Amino acid sequence: NSTLILNTAEIKIWSLQNIYLFLAPRKEKWHLMTFMLAIYTGMRRGEILGLKWSDIDFNKKVIHVNRSLAYLPGKGYVLSTLKTKNAKRIIPISNHLASALLSQRNQQLEWKKRLGALYEDHDLVICTRTGTMQDPQNILRAMKRIIEAADVPAIRFHDLRHTHASILISEGVDLVKVSKRLG
């Protein structure tokens with residue numbers, strides 16, 4: 001576990017051991033993919049919650065980041081375009097993550113089959129069991145529960161991006177490539 005101070009904001013990152021403990025199978029399996037995407041791709045929370053199955057090319061093993069889940073006063077949560085041109089990007093994914101995503105897809109298809117007409121299919125990778133948009137606050141509550149159960153240092157969701165970047169840098173990935181990957 002490391003801590004870095006930038007502009008008085010404390011950024012915490014996890015070690016590989018902390019990541020392993022956090023992602024270990026447990027009761028919160030429904031939210032596991034959200035955290036895997038954050039750790040293994042460095043995507044922002046809104047980008048993960050706005051990700052659609054049509055954005056994933058399993059043959060090329062890439063994710064196309066095209067939209068984000070955002071809160072609009074008076075409208076609630078909506079899918080919106082990304083704020084900057086650099087935010088729209090293509091992220092290569094590992095075989096491990098691609099396999100986990102396919103497993104998630106199969107689980108969703110099973111729920112869709114069980115619920116029939118009650119399932120609202122919005123093509124979202126991360127959604128509720130009825131297919132609707134996942135409330136970002138529920139993700140934060142789940143993260144807190146998992147952190148406590150895994151007994152790892154508490155970090156913010158955004159720090160998962162920093163953890164991802166730290167792993168890439170420690171593996172010798174060029175800083176420019178890391179920056180482009182993070183958008």
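This chain uses plain numbering: 1 for the first residue, then up along the sequence. These figures come from a predicted structure and were not determined experimentally. Only this structure's heavy atoms are used, side chains among them; waters, hydrogens and symmetry mates stay out.
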Can a donor-acceptor pair be found, under 3.5 Å and without considering hydrogens, that links the side chain of [X] to the backbone of [Y]?
X: R161; Y: D159; value: no
X: W53; Y: L124; value: yes
X: W111; Y: T128; value: no
X: E148; Y: A154; value: no
X: R67; Y: L79; value: no
X: R44; Y: G183; value: yes
X: Q108; Y: V125; value: yes

Show the nearest heavy-atom pair for residues [X] and [Y], with the distance to one decimal.
X: L182; Y: T41; value: CD2-O, 4.5 Å
X: W14; Y: V152; value: CZ2-CG2, 3.6 Å
X: V62; Y: I93; value: N-CG1, 4.1 Å
X: H31; Y: F35; value: O-CD1, 3.2 Å
X: P153; Y: N18; value: CD-ND2, 3.6 Å
X: K12; Y: T163; value: O-OG1, 4.3 Å

Taking side-chain contact (heavy atoms from CB on, under 4.5 Å) as the definition, give me every residue that meets it alongside [X], ordered by chain and number, with sequence neighbours left out.
X: L175; result: I169
X: N106; result: L109
X: N66; result: D55, H64, K88

Subject >> Test side-chain hydrogen bond (donor to acceptor under 3.5 Å, both in side chains) applied to Q107 - qualifying residues, sequence neighbours left out >> reply: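 Per chain and number, Q107 pairs via side-chain hydrogen bond (donor to acceptor under 3.5 Å, both in side chains) with no residue.
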From [atom1] ([X]) to [atom2] ([Y]), nearest 0.5 Å:
X: H162; Y: I167; atom1: NE2; atom2: CD1; value: 13.0 Å
X: Q17; Y: F22; atom1: CD; atom2: CZ; value: 14.5 Å
X: I63; Y: L101; atom1: CD1; atom2: CG; value: 5.5 Å
X: L118; Y: R129; atom1: CG; atom2: CZ; value: 15.0 Å
X: L168; Y: D174; atom1: CG; atom2: CG; value: 11.0 Å
X: L69; Y: I126; atom1: CG; atom2: CD1; value: 11.5 Å

Give the cluster check for [X] versus [Y]: same hydrophobic cluster or not, with ILVMFWY residues linked at side-chain heavy-atom distances below 4.5 Å.
X: F58; Y: I90; result: no
X: F157; Y: L21; result: yes
X: I147; Y: L37; result: yes
X: L16; Y: I155; result: yes
X: V173; Y: Y40; result: no

Within the 4.5 Å heavy-atom criterion, are [X] and [Y] side-chain neighbours or not?
X: E120; Y: H122; result: yes
X: C127; Y: Q134; result: no
X: Y71; Y: P136; result: no
X: H164; Y: M43; result: no
X: L82; Y: E47; result: yes
X: L160; Y: M143; result: yes

Original post:
ring pair (Phe, Tyr, Trp, His ring centres under 6.0 Å) with Y20: which residues, sequence neighbours excluded?
Top reply: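 Y20 satisfies ring pair (Phe, Tyr, Trp, His ring centres under 6.0 Å) with no residue once adjacent residues are dropped.
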**OP:** Using the test ring pair (Phe, Tyr, Trp, His ring centres under 6.0 Å), find all partners of Y119 that sit at least two apart in sequence or belong to another chain.
**Re:**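 Counting only residues at least two positions away or on another chain, Y119 forms no ring pair (Phe, Tyr, Trp, His ring centres under 6.0 Å).
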Subject >> More than 12 heavy atoms of other groups within 6.0 Å of K52 NZ >> reply: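 More than 12 heavy atoms, drawn from other residues, nucleotides or ligands, come within 6.0 Å of this atom.
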Original post:
Do Q104 and L32 pass the side-chain contact (heavy atoms from CB on, under 4.5 Å) test, and can you show the C-alpha distance, the side-chain angles, and the key distance before you say yes or no?
Top reply: CA-CA 9 Å; Q104 172 90 353; L32 185 62; over 6 Å; no
Original post:
Checking salt bridge (charged side-chain N to carboxylate O under 4.0 Å, His left out) for the pair E110/R105: CA distance, chi angles, key distance, verdict?
Top reply: CA-CA 9 Å; E110 182 61 35; R105 177 86 170 134; over 6 Å; no
Subject >> Residues L49, M133; criterion side-chain contact (heavy atoms from CB on, under 4.5 Å); working and verdict >> reply: CA-CA 7 Å; L49 297 179; M133 287 183 264; over 6 Å; no
